[in-house]
Amino acid sequence: MTHSVLIVGAGPAGLALAIGLAKAGIAVTLVERQAEDELAEPAFDGREIALTHASIAALKRLDAWDRIGADAIHPLAEARVFNGASPLALSFAPGRSGTRQLGSLVSNCDIRRALFAAAREFPSIELVSGISVARVATCENETRIWLDDGSDRAASLLVAADSRFSAIRGQLGISARMNRLGKSMLVGRVAIERDHGQVATEWFDHGQTLALLPLGEGQASAVVTLPDGQAQRLAGLDEEAMGAELTRRFARRFGDMRMLTPLHLYPLTTTYARRFVAPRAALAGDAAVGMHPVTAHGFNLGLAGTERLSHLVASALRRGVDPGNSDLLRRYQREHRAATWPLYAATNAIVGLYTDDRLPGRLARRLSFQAARFAPARKAVSRMLMQGA
């Protein structure tokens, strides 16, 4: 057997797992269909990631955090959620943790660039880029993949980290709950006239969901979620018309908005794999759990999952246990399901309630929103966000 672990997918989850394993002295082959230069310098894709303190600590352990420029890290002091035009807000703040931040906002492309640079420091990580996996097979002693060029690789463990639409997951015979929501998210950077105060704000409005994420002074990320057809029409506007439309949709809360980047369109699909493991194989990142972006926790859950898996594999090898051991994989599945399912289910329930524009839904939303302002659950969410602070 030539390698201990094969990872398919060099997105943030795949890169983080590869680094974690390499730090434990484990040889890794990382297979990615994108070319190496695209991995080294990923294009801006509009997505700003709300990193918790625990995720920042994890990126530091992976030697990636210090590779992100200080001007690319934006403090997140508070998060507020509004129900339409109501002045009542659900507020999530640091509380008494001794820090003034809930976390930090960093562009997805900057995180990917930093993780890739960190991964290239390890000779034990073999990168096979610009090629796709044609076939997967597992047997009692190893797992093997065949690439489009006819070559193959073998290891004791295969990890699929190839997105929520994972082709490897399907080849492993693992089905998934996939919910295509019929809506799309538009994200891009805007210049604003009024100070955001380092507060992330979200409005569950009638027929749309809006969010403004604070970046540098006078800058923010605008997020608009609409039914697919409306989102596509909005994405087709020119820069000036787009700025005017966002100004109108945000009701001039931040004054005039001017586009700094194009709006990027993402059709929304949530995913939860029915199993996270197969013989000598595991799922990581979005291949296991693809969250709705409304709670901004998809990246954080995925990163925590890669740490969970790398620790289990490293511990197994130190004890002379095969990293493809079925007991080890079942433990990973059990722990990762316990960490992800409650938030996944709660997020879907929130989305269902707060995007239901029928009269009963609006009434239920108003009542639940008012109750939630005083519920212990709100403090529990803040504590979760502050873990590791």
Side-chain angles (χ1 to χ4, degrees), residues 11-12 42-51 55 68 72-74 76 79-82 103-113 163-165 180-192 196 198-205 207-216 218-251 253-254 256-271 285-286 290-302 347 350-351 354-355:
F44 177 75
D45 62 9
R47 289 179 288 185
E48 310 291 343
I49 307 300
L51 295 170
S55 289
I68 301 172
I73 300 170
H74 308 288
L76 178 57
R80 296 175 189 159
V81 181
F82 291 87
S104 297
L105 285 158
V106 182
S107 290
N108 184 56
C109 61
D110 290 322
I111 297 171
R112 292 182 60 189
R113 184 182 298 110
S163 87
R164 66 188 63 199
F165 304 105
R180 299 178 187 274
L181 302 177
K183 296 184 178 182
S184 294
M185 180 178 70
L186 292 151
V187 290
R189 290 189 171 190
V190 294
I192 56 177
H196 48 57
Q198 297 179 347
V199 176
T201 314
E202 188 161 24
W203 293 267
F204 288 101
D205 211 345
Q208 64 179 3
T209 301
L210 305 172
L212 191 101
L213 307 179
L215 301 178
Q219 294 187 26
S221 174
V223 185
V224 182
T225 302
L226 293 166
D228 287 336
Q230 294 181 37
Q232 290 165 5
R233 286 192 291 274
L234 180 56
L237 297 179
D238 62 37
E239 182 178 299
E240 184 175 351
M242 184 85 74
E245 180 65 11
L246 289 182
T247 300
R248 182 188 71 80
R249 287 183 178 273
F250 279 84
R253 294 179 179 98
F254 298 92
D256 286 334
M257 289 182 164
R258 177 172 53 84
M259 302 308 302
L260 298 176
T261 70
L263 282 184
H264 296 256
L265 178 71
Y266 295 98
L268 294 179
T269 300
T270 61
T271 309
D286 282 358
M291 293 284 292
H292 191 288
V294 69
T295 56
H297 264 300
F299 181 93
N300 298 298
L301 286 176
T347 298
I350 290 169
V351 171
Y354 282 80
T355 59

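- A parallel orientation is assigned to the rings of W203 and F82, their planes being inclined by less than 30° (bins at 30° and 60°).
- With sequence neighbours left out, E245 forms a salt bridge (charged side-chain N to carboxylate O under 4.0 Å, His left out) with R248, R249.
- Every residue was checked against the side-chain contact (heavy atoms from CB on, under 4.5 Å) condition with A244, not counting sequence neighbours, and none meets it.
- Every side-chain contact (heavy atoms from CB on, under 4.5 Å) that D286 has, sequence neighbours left out, goes to R164.
- Applying the salt bridge (charged side-chain N to carboxylate O under 4.0 Å, His left out) test to R113 and every residue at least two apart in sequence or in another chain returns E41, D110.
- Taking the ring-ring contact (aromatic ring centres under 6.0 Å, His included) definition, one finds that Y266 meets it with nothing, sequence neighbours left out.
- In this view, S107 and E48, R189 satisfy the side-chain hydrogen bond (donor to acceptor under 3.5 Å, both in side chains) rule, not counting sequence neighbours.
- Residues satisfying the salt bridge (charged side-chain N to carboxylate O under 4.0 Å, His left out) criterion with D256, sequence neighbours excluded, are R252.
- Considering only residues two or more places apart in sequence or on other chains, S221 meets the side-chain hydrogen bond (donor to acceptor under 3.5 Å, both in side chains) condition with none of them.
- Applying the side chain to side chain donor-acceptor pair (under 3.5 Å) test to pairs two or more places apart or on separate chains, those with a residue in residues 223-235 are S184-D228.
- S163 meets the side-chain contact (heavy atoms from CB on, under 4.5 Å) test with F165; sequence neighbours excluded.
- Under the side-chain contact (heavy atoms from CB on, under 4.5 Å) criterion, A191 pairs with R258, L260, sequence neighbours left out.
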